[in-house]
Asker: 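Below you will find the structure I want to go over with you.
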Amino acid sequence: MNGDANNFKQRFEECSDKFDKIFELTSAASKIINSDLVILKVNHAITELLGYEAAEIEGTKILEYACPEFIQHWHELQEALWKRQLPFFKLEACLYRKDGSVAWVKVTTVLFNDKGETFGFTVLDDITYRKQFDEKENELNVALAASERTKADLSRMLDTMAEGVGIIDLNGRMTYANPMAQKILGVSEDEIKKRTFGDSKWQNLRLDGSPLPPEEHPMAIMMRTRQQVFDHEIAVQPANGERIYVSINAAPIFDENGKLTGGLGTFMDVTHRRKIIQQKDEFISIASHELKTPLTSLKGALQLLDRVKQEVTPKMLPQLVDQANKSLNKINTLVADLLNASRVNEGQLQLNKTTFKLIDLISECCEHIYLDGKHQIISTGDVDLTVNADYDRIEQVITNFVNNVTKYAPETKVIEVRFERLSDAARISVIDQGKGIPKEKQPQLFDRYYRVNTDDKQYSGLGLGLYINAEIVKKHGGEIGVESTAGQGSAFWFTLPL
Ligand code: ADP
């Protein structure tokens with residue numbers, strides 16, 4: 001303890017008992033300092049607050065206990081006070097206790113005069129609890145904001161996900177469905193929530209089309225086994241809509257105690273994938289059927305020829321040769337279609353362009369029609385139209401159109417081939433007077449394997465002709481289409497750039 005302090009003590013003893021008592025007994029930590037900022041006297045509360053003995057504190061300076069970030073500001077306030085620029089100052093700061101922990105205090109310092117000398121009187125209000133509370137509150141707010149952000153991020157993610165997401169409770173009832181789930185199933189979240197297994201509006205089906213028993217639903221399997229389920233495909237049949245196929249992943253949801261509380265399912269619409277598989281299966285069955293018919297007939301003709309080859313049966317001979325030829329031609333056409341289609345698919349369609357008059361194609365392409373005698377072909381319009389294109393390929397396009405007329409519009413007496421000059425293209429149309437094609441079927445006509453009447457076995461074909469035509473025309477940079485009204489015939493057309 002330095003001399004100053006002793007000096008003060010002497011004088012302080014002269015102070016009234018009252019002040020001493022208050023100073024000692026007040027629960028507010030207080031200290032008295034001199035103009036050098038040295039602590040002269042501390043009360044009991046300050047020793048409690050900082051964990052030092054009074055003797056350890058007296059003679060030191062308060063800034064020795066201050067947290068570094070407050071020292072500068074605190075010091076500036078002290079200076080201003082002692083220079084009489086301030087009547088008093090207040091600040092919140094933290095101090096290190098003897099045990100190294102932190103105490104937060106609200107500091108108030110005033111000056112007072114005693115017998116001509118100036119002293120400072122400081123109260124250190126302990127606000128540690130409030131600070132800790134503030135800090136916790138702050139942490140809580142930060143955590144809350146973060147969780148709100150996570151919630152918002154999650155919700156944005158769920159909103160934009162390309163997969164449907166649904167959550168079910170223990171009773172198998174949907175409690176949540178994201179927008180994609182609503183889109184795939186074609187209903188609002190409210191309607192989804194009302195849905196139950198076995199709801200007739202929403203029949204769940206097995207892939208073979210038979211009803212899916214509720215216990216076979218992937219969500220039910222997952223809830224029963226408490227195991228994840230992956231890529232489990234089922235069909236969903238809405239009351240008045242097209243059947244869709246969905247692939248479902250499902251996982252159980254457990255609470256923090258490991259208790260099952262529900263399940264989460266994600267699903268995507270795999271109707272397209274399923275349709276391609278079905279189309280492939282269908283195509284293989286059509287192709288084998290189509291090839292088998294003329295093969296059987298060819299085989300029959302050859303067997304007969306074999307049996308009668310020794311005998312002289314000139315009457316039968318032409319008929320059998322005819323049958324064999326016809327069958328062979330059919331097989332030829334089918335195999336050519338298959339080859340062309342696969343070539344087109346692999347992008348191997350090479351064009352060998354020359355300049356020619358379109359009308360020249362007609363006599364060549366349609367010779368068999370003239371010979372057959374059932375139909376007549378007339379060319380109309382700009383019959384001098386000349387194009388630069390692959391002669392054989394364009395002949396193939398027109399032949400396909402004309403052959404289709406004989407197959408699908410046989411009642412057509414006169415097949416019109418019309419040539420038109422557009423501003424920058426030649427347009428060629430093959431026009432019949434057949435039954436026409438319903439509007440809703442027209443957009444798919446040029447798709448691979450598409451046939452309007454799949455179950456009509458009367459006409460042979462693989463659904464490839466128009467697809468090949470479209471690919472040839474596209475390769476030339478032209479367009480292809482059909483204008484048709486059911487009952488009034490069709491006009492299949494394509495353009496070639498001029
Ligand atoms: P395919 O003849 O092998 O079935 P296409 O691609 O040539 O295949 O024709 C697709 C479908 O378009 C046919 O199955 C037929 O139903 C329809 N179609 C084509 N041309 C005509 C036409 N002129 N009139 C009516 N329907 C037609």
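What you see is a predicted model; the values in this text were computed from it and never measured. Each residue takes its place number in the sequence, starting with 1. Indexing begins at 1, ligand by ligand and atom by atom, following the structure's order.
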Asker: To which protein heavy atom is atom 17 (C) of ligand 1 closest, and what is the distance rounded to 0.1 Å?
Answerer: Val452 CG2, 3.8 Å
Asker: Assess Gly463 for proximity to ligand 1: is some non-hydrogen atom of it under 4.0 Å away?
Answerer: yes
Asker: Does any donor atom in the side chain of Ser247 or Asp231 lie under 3.5 Å from an acceptor atom in the other side chain?
Answerer: yes
Asker: May I ask you to check if ligand 1 and Gly436 share an N or O to N or O distance below 3.5 Å?
Answerer: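 No - when backbone and side-chain N and O of Gly436 are compared with those of ligand 1, no distance drops under 3.5 Å.
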Asker: Give the atoms of ligand 1, by number and element, whose distance to some non-hydrogen atom of Gly465 is under 4.0 Å.
Answerer: 5 (P), 6 (O), 7 (O), 8 (O)
Asker: Arg451 heavy atoms, cut-off 4.0 Å: which ligand 1 atoms fall inside?
Answerer: 1 (P), 4 (O), 14 (O)
Asker: List ligand 1 atoms under 4.0 Å from Ile437, heavy atoms only on the residue side.
Answerer: 25 (C), 26 (N), 27 (C)
Asker: Assert yes or no for the condition that the ring centre distance of Trp104 to Phe133 is strictly below 6.0 Å.
Answerer: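 Not under 6.0 Å, so no.
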Asker: With a 4.0 Å cut-off on N to O distance, would you call Lys275 and Glu242 a salt bridge?
Answerer: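 Looking at Glu242 together with Lys275, the answer is yes, because their closest N to O distance falls below 4.0 Å.
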Asker: For Thr495 and Glu479, does a side-chain donor sit closer than 3.5 Å to a side-chain acceptor?
Answerer: no
Asker: Quick check for you: to the nearest 0.5 Å, what is the distance between Thr271 atom OG1 and Tyr245 atom OH?
Answerer: 8.0 Å
Asker: Under 4.0 Å from a heavy atom of Leu462: give me the atoms of ligand 1 that qualify, with their elements.
Answerer: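 Counting from 1, the qualifying ligand atoms are 3 (O).
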Asker: Please report whether the ring centroid of Phe356 lies less than 6.0 Å from that of Tyr391.
Answerer: yes
Asker: May I ask you to decide whether Arg421 forms a salt bridge with Asp382, counting only side-chain N to carboxylate O separations under 4.0 Å?
Answerer: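 Yes.
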Asker: Less than 4.0 Å between a side-chain N and a carboxylate O, is that true for Glu92 and Lys131?
Answerer: yes
Asker: Considering only protein heavy atoms, which is closest to atom 7 (O) of ligand 1, and at what distance to one decimal place?
Answerer: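 It is Asn404 ND2, 2.9 Å.
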Asker: Return the option from Leu464, Val430, Leu445 holding the heavy atom at the smallest distance from atom 12 (O) of ligand 1.
Answerer: Leu445
Asker: Pairing donors with acceptors under 3.5 angstrom, does anything connect the side chains of Gln323 and Gln319?
Answerer: no
Asker: Of the protein's non-hydrogen atoms, which lies at the shortest distance from atom 2 (O) of ligand 1, and what is that distance?
Answerer: Tyr408 OH, 2.6 Å
Asker: More than 12 heavy atoms of other residues, nucleotides or ligands under 6.0 Å from CD of Gln72: yes or no?
Answerer: no
Asker: Do me a favour and list the nearest non-hydrogen protein atom to atom 5 (P) of ligand 1 with residue, atom name and distance?
Answerer: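 Here the closest protein heavy atom is Leu466 N, 3.6 Å.
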Asker: I'd like to know if Lys435 contacts ligand 1, where contact means a heavy-atom distance under 4.0 Å to any ligand atom.
Answerer: no
Asker: Is there a polar contact between ligand 1 and Phe492, counting only N or O atoms under 3.5 Å apart?
Answerer: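 The answer is no, given that Phe492 and ligand 1 share no N or O pair closer than 3.5 Å.
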Asker: To check your reading of the model: name the closest protein heavy atom to atom 23 (N) of ligand 1, its residue, and the distance in Å.
Answerer: Asp432 OD2, 2.9 Å
Asker: List ligand 1 atoms under 4.0 Å from Lys407, heavy atoms only on the residue side.
Answerer: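 Under 4.0 Å from Lys407, ligand 1 has these atoms: 2 (O).
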Asker: Could you tell me whether some N/O pair between Tyr450 and ligand 1 is separated by less than 3.5 angstrom?
Answerer: no
